[in-house]
*Asks:* 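Please find one structure pasted underneath; my questions will follow.
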Amino acid sequence: MGESRKGSVFEKQIDLDDVLVNELGQFGRFQLMTIFLVAVPLIMSAFMSEFIFSAAAIPHRCQVPECGEYSQRSYFEPEWLPNAIPHTDSGFESCERFAPVGGVNGTLDYCPANIFHTNTIPCEGFVYARDNSVVYDFDLGCREWLRALAGTLNSVGTLLVLPITGYISDRFGRRIALVINVFNLALFGLIRAFSVNYPMYLAFQILQTTLGAGTFSSAYIFAAEFVGPKYRVVTSATCTSMFAVGQVVLGSVAWLIQPWRYLIMALHIPCFLIISYYWVLSESVRWLLSKRKFDDARQVLERVARINKKEISEKSLNALLNPPQPLITESTEDQGPGLIKSIIKSPVLLRRVCTTPIWWITTTFVYYGLSINSTSLSDTMYLNYILTCGIEVPGFYTAVLVLDRVGRKPTLCVGFIFSAICNIAFAFIPDDYTVVRLVIFLAGKFGISMVFTSLYLFTSELYPTQYRHSLLAFSSMIGRIGSITAPLTPVLMQYWAGIPSMMFGAMGFLSGILVLTQPETLGTKMPDTLAEAEALGRPESRAQKE
């Protein structure tokens, strides 16, 4: 019995889970009401991806002053265009034009070929097909890497936000962390709509994500922390589905409101309403218990019992509100310094620490890469984006259905490799086969969405309680490399359109094979100690858990 009491933080969670299962209800009215409330900020957390539309690439070509063009708004395809600009397989050259002879000019109506040489020169100015992008407003033609920087800085911000939100959440509470994140998301997003130049747009892009991208994780905690063990996987899938719904909302609003400044305003102004959640949401009981705010915890527990029409016994309340003090100190002291030493001493743990971040890099790289690249599938970029994000929802719930039936390893392995096959096939499908391309592209997104839901669970189950949070956070943080590099992949399409798809496929195959190097965790209790984590996959592991 003494052994099972070790590590009181984990024990405390088990106590609360017992109370949920036996007395308060694992998924009652209170939990349902909380999920409905946090669904709104979960949806809004997807709005930071609006750079996909506001900084979208738009068709452009060189200005031809010799033909009377001195404005970005000139007619994009005049009849004389082949005389002035080289023709390519995909249309007209974007960044070069024929060199002028000099001394002879045409007009906007008539511009003959004999006033140009056959050699080419780089563009000095640009004409754009559309004006609903920062590319037009800030004249970014042929500076693709600079345009793609908006997406990269967005992802860098989601990496920087982790320690900031973690500190606020642990120090001041989950509710304050949520409200601060949504307020920053709304404020910096709104300011970005009034950008006077591209550096200002980029600066507020990274500020918005660095100080507001914790919206998803803060809202997720409210949904997940008060649901019983039986409903945790479904709740997790529902939260990630809300993010997908947010992306669908984003695509729909972008379709309806195409001027990029108005689009940003329409998305971010409603986010200020979430400030009211400070008074509407109850603070997380797990956080209140961990901070020994027992009076507040009692009020929340009694409120849950009242809303769920259940009763919580005084015995349970006493067990939750009077934890043994010394055990907490012992648990906290054990953590930290021993982590690196334990990893080095344990070949099994070292192998996992080297493997799980690769899964995370692949998942974020392919997941975000497919969303970003979906806009170039065809001319209907809004519909493509909506479909690509909408397919995630069945992907998430398919994972929920199969995770507890066939196991974690088959689900992850098949998800990675199925997505990889679809991506590689997509690279070789001719552009004329529009419907086939769309179906294969969506199938690839479906596969990686299955992985996304499963990855969090499988990674958690591979690590012991003592180091679980640290190593899960490490894997997730390293995984941000994938989301940081994903926005740069469309730029590679100028060399060959299939490069991004081949990269997604290669990474998917690598990760699918690496999944096979780890043990199956279906049917085993989460390991508490390093020895239990090392024993995963052995016959005695399953026996001792049962």
Side-chain angles (χ1 to χ4, degrees), residues 10 232-233 236-237 240 339-367 395-396 398-421 447-482 504-546:
F10 186 60
R232 212 158 276 156
V233 176
S236 176
T240 44
L339 175 57
I340 296 172
K341 196 182 292 182
S342 297
I343 292 170
I344 294 168
K345 282 186 176 178
S346 167
V348 172
L349 197 59
L350 180 61
R351 198 158 55 242
R352 285 178 198 168
V353 168
C354 292
T355 303
T356 55
I358 296 173
W359 299 341
W360 283 82
I361 290 171
T362 299
T363 305
T364 59
F365 182 59
V366 178
Y367 178 85
F396 294 145
T398 300
V400 172
L401 292 173
V402 299
L403 272 171
D404 289 332
R405 289 174 172 80
V406 302
R408 281 54 161 152
K409 275 175 69 173
T411 305
L412 271 169
C413 184
V414 169
F416 273 129
I417 291 177
F418 176 73
S419 179
I421 290 169
I448 206 66
S449 301
M450 278 178 58
V451 169
F452 217 109
T453 306
S454 317
L455 193 59
Y456 211 99
L457 179 66
F458 191 46
T459 308
S460 301
E461 291 175 338
L462 288 173
Y463 292 123
T465 298
Q466 188 179 9
Y467 305 128
R468 183 173 296 120
H469 189 267
S470 301
L471 293 177
L472 182 62
F474 170 75
S475 299
S476 176
M477 192 171 76
I478 298 296
R480 296 290 174 183
I481 294 171
F504 300 150
M507 291 290 287
F509 269 116
L510 172 65
S511 293
I513 291 164
L514 285 176
V515 168
L516 301 175
T517 65
Q518 299 305 322
E520 178 58 73
T521 56
L522 177 63
T524 63
K525 184 177 80 71
M526 280 192 171
D528 290 321
T529 64
L530 181 55
E532 288 178 3
E534 289 178 328
L536 283 172
R538 299 180 199 156
E540 66 267 23
S541 154
R542 207 167 284 270
Q544 79 186 62
K545 310 295 178 193
E546 290 170 357

*Asks:* To the closest 0.5 Å, what do you measure between CE (Met450) and OG1 (Thr363)?
*Replies:*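 If we round to the nearest 0.5 Å, Met450:CE and Thr363:OG1 are 12.0 Å apart.
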
*Asks:* Does the side chain of Val515 reach to within under 4.5 Å of the side chain of Trp359, using non-hydrogen atoms?
*Replies:*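 A side-chain contact under 4.5 Å exists here.
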
*Asks:* Is there a donor-acceptor contact under 3.5 Å from the side chain of Thr364 to the main chain of Gly479?
*Replies:*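 Between the backbone of Gly479 and the side chain of Thr364 there is a qualifying donor-acceptor contact (under 3.5 Å).
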
*Asks:* Would you name the heavy atoms of Gly512 and Ile417 that are closest together and state the gap between them?
*Replies:*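 Shortest heavy-atom contact: CA-CG1, 4.1 Å.
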
*Asks:* Do side-chain atoms of Ser419 reach the backbone of Gly415 as a donor and acceptor pair under 3.5 angstrom?
*Replies:* no

*Asks:* Rounded to the nearest 0.5 Å, how far does CG of Leu455 lie from CZ of Phe416?
*Replies:*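 The CZ atom of Phe416 sits 6.0 Å away from the CG atom of Leu455.
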
*Asks:* Are any non-hydrogen side-chain atoms of Thr362 and Leu510 less than 4.5 angstrom apart?
*Replies:*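 Result no, sub-4.5 Å side-chain heavy-atom pair not found.
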
*Asks:* Roughly how far, to the nearest 0.5 Å, is the CG atom of Leu514 from the SG atom of Cys413?
*Replies:* 10.0 Å

*Asks:* In Å, rounded to the nearest 0.5 Å, how long is the span from OG1 of Thr411 to CG of Leu401?
*Replies:*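 Between Thr411 OG1 and Leu401 CG, I get 10.5 Å after rounding to 0.5 Å.
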
*Asks:* Give a yes or no answer on whether the side chain of Lys409 reaches the backbone of Gln518 with a donor-acceptor pair at less than 3.5 Å.
*Replies:* yes

*Asks:* Tell me, please, which residues at least two apart from Phe452 pass ring-ring contact (aromatic ring centres under 6.0 Å, His included).
*Replies:*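 With sequence neighbours excluded, Phe452 shows a ring-ring contact (aromatic ring centres under 6.0 Å, His included) to Tyr367, given in chain and number order.
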
*Asks:* The criterion is ring-ring contact (aromatic ring centres under 6.0 Å, His included); which residues satisfy it with Phe396, sequence neighbours excluded?
*Replies:*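 Phe396: no ring-ring contact (aromatic ring centres under 6.0 Å, His included) contacts found.
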
*Asks:* Taking side chain to side chain donor-acceptor pair (under 3.5 Å) as the test, write out the residues that go with Ser454, two or more places apart.
*Replies:*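 Listed in chain order: nothing, the list is empty.
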
*Asks:* In Å, rounded to the nearest 0.5 Å, how long is the span from CD1 of Ile513 to OG1 of Thr355?
*Replies:*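 With rounding to 0.5 Å, CD1 (Ile513) is 12.5 Å from OG1 (Thr355).
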
*Asks:* Find the distance between CD1 (Ile478) and CD1 (Ile358) and round it off to the nearest 0.5 Å.
*Replies:* 11.0 Å

*Asks:* Does any part of the side chain of Pro519, heavy atoms only, come nearer than 4.5 Å to the side chain of Arg352, both counted from C-beta?
*Replies:*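 A side-chain contact exists here, since the closest heavy-atom pair is under 4.5 Å.
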
